[in-house]
Every structure is written in structure tokens, then in C-alpha cells.
Amino acid sequence: MQDERNHNTSPTSFPYSSKQLASSTQGGNSDVPVVDLSVSDEELLVREVTEASQEWGVFQVVNHGIPTELMQQLQVVGKQFFDLPEAEKKAVAKEEDFEGYKRNYLEGIDAWDEHLFHRLSPPSIINYKYWPKNPPQYREVNEEYTRHMKKLAEKILGWLSEGLGLPTVALTQSLGGETAEYLIRINYYPPSPKSELALGGPAHTDIGALALLVPNEVPGLQVFKDEQWLDVEYINSAVVVFIGDQLMRMTNGRFKNVLHRATLNKERLRISWPVFVSPRHDMLVGPLPELIGDENPPKFETLVFKDYSQQTIENWEVDLLYSL
């Protein structure tokens, strides 16, 4: 059995510094696949999302059913929170868990990033003390957005299941069904005149199964493919879908967990809203039995997700000691 990859990260921490991968070529705009979900050809949708997950590990979806007005409201209340005085933002500051508000700094640079991170679903894991009370519409908007995001994630997981030759519900059930965990992180990257000295979000893969991201119009998102960093084109109202570590492991490597990062802009504020879909912490995650056999042995160890997370976090800490 192959060793588990030790370079994977989650949204809360990163194992690569800005100097790592420095020898990689900086490319232009990428050809990240764009999938139009309004088409009526179900077989075409299955084929497009499956091929994108195998070849890229990332794709964008348009006409996905999330109301444009709701996506705009999400961005408005998110920015309003970060516009608050620091003392008000610290009312939802991180404590011992990863949830809450935090501001990161790099030496010689005013701000690397600020972010707000909290759970969205299921209701049993939500801790509202990390949800801002100001702006007052924050909770209502985020709860409505969560309902739409769950529908979209389950559709995508259904098409990916079918693309693997499995029942539509296979991947969703393998993540825990209604108990699968949804989390949001709002990334706030202020303009930086020294943007070439730091990254807003250093290179990482996502520790969960899926990430579904909505950015503002300021460019900065990049994916790593064919030994080069490629800019992801901004498409108004599109959702960027990333394959994470757990879908790579569940599919025995058939789906790619894409390496990606966020760069800073010298003049403009960049904000993004990724929603992460992960298994329950107590779930066993590994190659699905239907996808392995004598001719395709398991490449990854089956682990309880919380144990996988802990092992990965320990690897991040070691990597960070030597890379920063």
C-alpha cells in the first residue's frame, strides 16, 4: 500500500510557504473546465464533472440554481463584518477550536489575511457564538445560503458517483449523508504593496471532500497543473469546485486533489467565500470497496477522519517549522 500523502492541508493551515514551489513556472489564465448546469443532458453533466475531477481536480459551475441576489447578499454581509472595528470583530475571535475570527501577520507586511471560520451544518455542530451578530442580517443570509449550497454539493456528488459507475447517493452516503459537515471560511485579503513577498493563502490541498468557493471580482486564485501556476478566470456568479483529499482517497486516486493558492493584489481588496464539505469526524474514510480489487489495490489507508486530520495537522506543524 502506498503511504498517505503528507503534503495535504485544510483551510485552517498550510504546509507550503511562499518560497516553496518558487521554481515552478508562472502561467497565464487557465482553461479550468466550466460546466453549465442548466443543460438537460444528464449524461453530459456526469461526463463533464467526472473528467474535470480526474484531469484537473477543479472546475467552475454556472447556472447552478443559487440565486444571484443571495450570493450578492452573502458578499455584502461578509464585507460588512470585516469593515467593523477590530474590537467588534474580536467578539467572535478564535479560542481553542479553529472556529472564529483571526488576523494573520507576516513580518514587514501590514496584513497577510484576516478570516472568519465557522460551521454551517448539521445543526448539532453549529456554535452560534462564532457567528457575527453585526451585521444583523448575517445569520439569516448564511443559513439560506447553506440550504442552497447543500443542494448543489449533493448534486455534484451525485454526478461524480454516477461517473464512477456507482449509485447516485454513494459518495454522499460515504460522507455521512445528512450528518456530513459544512463549514465556511471568509478570506479577507487587503491590498498589499508588497504582494510579491507573500501569499494570501499559501499552496495547499483541502483536507475535506469538496470545497465550493465564491470569490469577489478581484483576481488572485491559482491552481497548479503541468508544473505551473495558472490563474483561475473570474466568472460572475460562478462557483469554483475543488476536489479535496477525502474524495481522492475514497476514489483510490481516480479524482485529483488539486493544489491551489491565493495571491495578494497591490491595489484591490480580494475576498472569497469557500464552503467545505467533510465527513463526520468519527467516520471511516478510505478507498470505496467497489473501486478496488486485485487489479486495483488500495493506494490509501482507511482511517477515521478525525485521526487523518490529526496526523495531517502534525505534518503541517513540522513542515511549517522548516519552510517559513
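The structure displayed is predicted, hence computed values, not measured ones.
- Annotation: salt bridge (charged side-chain N to carboxylate O under 4.0 Å, His left out) contacts of E88 (sequence neighbours excluded): none.
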Contacts table for residues 44-51: side-chain donor-acceptor under 3.5 angstrom, sequence neighbours left out:
residue, atom, partner, partner atom, Å
T50, OG1, V46, O, 2.7

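- Placement of L152 and V34 in two distinct hydrophobic clusters is found when ILVMFWY residues are connected by side-chain heavy-atom separations under 4.5 Å, directly or transitively.
- Two residues are said to be in side-chain contact when any heavy atoms from C-beta on lie closer than 4.5 Å; E162 and L160 fail this criterion.
- Considering all non-hydrogen atoms of both residues, D206 and A211 come closest at OD2-CB, 3.4 Å.
- D36 meets the salt bridge (charged side-chain N to carboxylate O under 4.0 Å, His left out) test with no other residue; sequence neighbours excluded.
- Using a distance-only test at 3.5 Å, with no hydrogens or angles considered, no donor-acceptor pair links the side chain of S278 to the main chain of E181.
- Across all non-hydrogen atoms, the minimal contact from Q173 to M283 is O-CE, 4.1 Å.
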Start with the C-alpha gap between L259 and V223, add the side-chain angles, then the distance that decides, and say whether side chain to side chain contact (heavy atoms under 4.5 Å, CB included) holds. CA-CA 6 Å; L259 193 67; V223 296; over 6 Å; no
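- Relative to the six-membered ring of W229, R261 meets both conditions, a distance below 6.0 Å and an angle of at most 45° to the axis.
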Step by step, would you call L157 with L247 a side chain to side chain contact (heavy atoms under 4.5 Å, CB included)? CA-CA 10 Å; L157 289 169; L247 280 188; 4.2 Å; yes
Trace of the side chain to side chain contact (heavy atoms under 4.5 Å, CB included) decision for V241 with L210: CA-CA 7 Å; V241 181; L210 276 182; 3.9 Å; yes
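- Interatomic distance, CE of M250 versus CG of L164, reported as 9.5 Å (0.5 Å rounding).
- Follow the hydrophobic side-chain contacts under 4.5 Å out from L213 and you never reach V76; the two are in separate clusters.
- The CE atom of M149 lies 9.0 Å from the CG atom of L120; values are rounded to the nearest 0.5 Å.
- Distance check: L212 CG to Q60 CD gives 12.0 Å after rounding to the nearest 0.5 Å.
- Residue pairs meeting the ring pair (Phe, Tyr, Trp, His ring centres under 6.0 Å) criterion with at least one partner in residues 75-94, sequence neighbours excluded, are F81-Y101, F82-Y188.
- Its side chain within the 4.5 Å cluster rule, V304 clusters with L284 among the Ile, Leu, Val, Met, Phe, Trp and Tyr residues.
- Shortest non-hydrogen contact noted between A238 and P215 is O-CD, 4.5 Å.
- Counting only heavy atoms from C-beta outward, the side chains of I156 and F59 approach each other to under 4.5 Å.
- Scored by the side chain to side chain donor-acceptor pair (under 3.5 Å) test, W131 finds H118 as partners (sequence neighbours excluded).
- The OG1 atom of T168 sits 8.0 Å away from the CD atom of E42 when rounded to the nearest 0.5 Å.
- The minimum heavy-atom distance between D245 and I207, with the atom names listed, is OD2-CA, 3.4 Å.
- Grouping the Ile, Leu, Val, Met, Phe, Trp and Tyr side chains by contacts below 4.5 angstrom, directly or via other members, places V258 apart from I235.
- Distance CD1/I186 to CD/Q75: 10.0 Å, rounded to 0.5 Å.
- For the pair E86 and R103, the salt-bridge criterion is met [side-chain N within less than 4.0 Å of a carboxylate O].
- By the 4.5 Å heavy-atom criterion applied to side chains, L171 and L288 are counted as neighbours.
- The closest side-chain heavy-atom distance from R249 to Y308 is below 4.5 Å.
- Between the side chain of T172 and the main chain of V169, no donor-acceptor pair closer than 3.5 Å is present.
- Side chains of S272 and L221 form no contact here, defined as non-hydrogen atoms less than 4.5 Å apart.
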Verdict with supporting geometry, K102 and E114, side chain to side chain contact (heavy atoms under 4.5 Å, CB included): CA-CA 6 Å; K102 186 175 182 180; E114 298 178 53; over 6 Å; no
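- Here the side chains of T205 and M248 are not in contact, with every heavy-atom distance at 4.5 Å or above.
- Apart from Y234 itself, the hydrophobic cluster it occupies contains nothing, where clustering links Ile, Leu, Val, Met, Phe, Trp and Tyr at side-chain heavy-atom distances under 4.5 Å.
- By the salt bridge (charged side-chain N to carboxylate O under 4.0 Å, His left out) test, D83 is found to be paired with K79, residues two or more places apart in sequence or in another chain being considered.
- Pairs passing the salt bridge (charged side-chain N to carboxylate O under 4.0 Å, His left out) check and including a residue from residues 133-143, sequence neighbours excluded, read R139-E143.
- Residue pairs satisfying the salt bridge (charged side-chain N to carboxylate O under 4.0 Å, His left out) criterion with at least one member in residues 116-131, sequence neighbours excluded, are listed as follows: E95-K129, D97-R119, E99-R119.
- Checking side-chain atoms of N252 against main-chain N and O of K299 turns up a donor-acceptor pair under 3.5 Å.
- Under a 3.5 Å cut-off, the side chain of R268 and the backbone N or O of P190 do not form any donor-acceptor pair.
- Counting heavy atoms from C-beta outward, H148 and H64 have side chains that stay 4.5 Å or more apart.
- Between the side chain of T251 and the backbone N or O of F255 there is at least one donor-acceptor pair closer than 3.5 Å.
- Annotation: cation-pi geometry satisfied between K225 and W56 (NZ/CZ under 6.0 angstrom from ring centroid, within 45° of ring axis).
- In this structure, L70 is a member of the same hydrophobic cluster as V275, with clusters built from ILVMFWY side-chain heavy atoms closer than 4.5 Å.
- Closest approach of M71 to V214, counting heavy atoms only: CE-CG2, 3.6 Å.
- With sequence neighbours left out, S237 forms a side chain to side chain donor-acceptor pair (under 3.5 Å) with no residue at all.
- From N216, atom CG reaches atom CG of L269 across 6.0 Å, with rounding to the nearest 0.5 Å.
- Here the side chains of Q246 and F305 are in contact, with some heavy-atom distance below 4.5 Å.
- Heavy-atom minimum distance, P297 versus I292: C-CG2, 4.5 Å.
- If you chain together hydrophobic residues whose side chains sit under 4.5 Å apart, Y138 and I126 fall into the same group.
- Evaluation of the salt bridge (charged side-chain N to carboxylate O under 4.0 Å, His left out) rule for E178 yields K150 as partners, not counting sequence neighbours.
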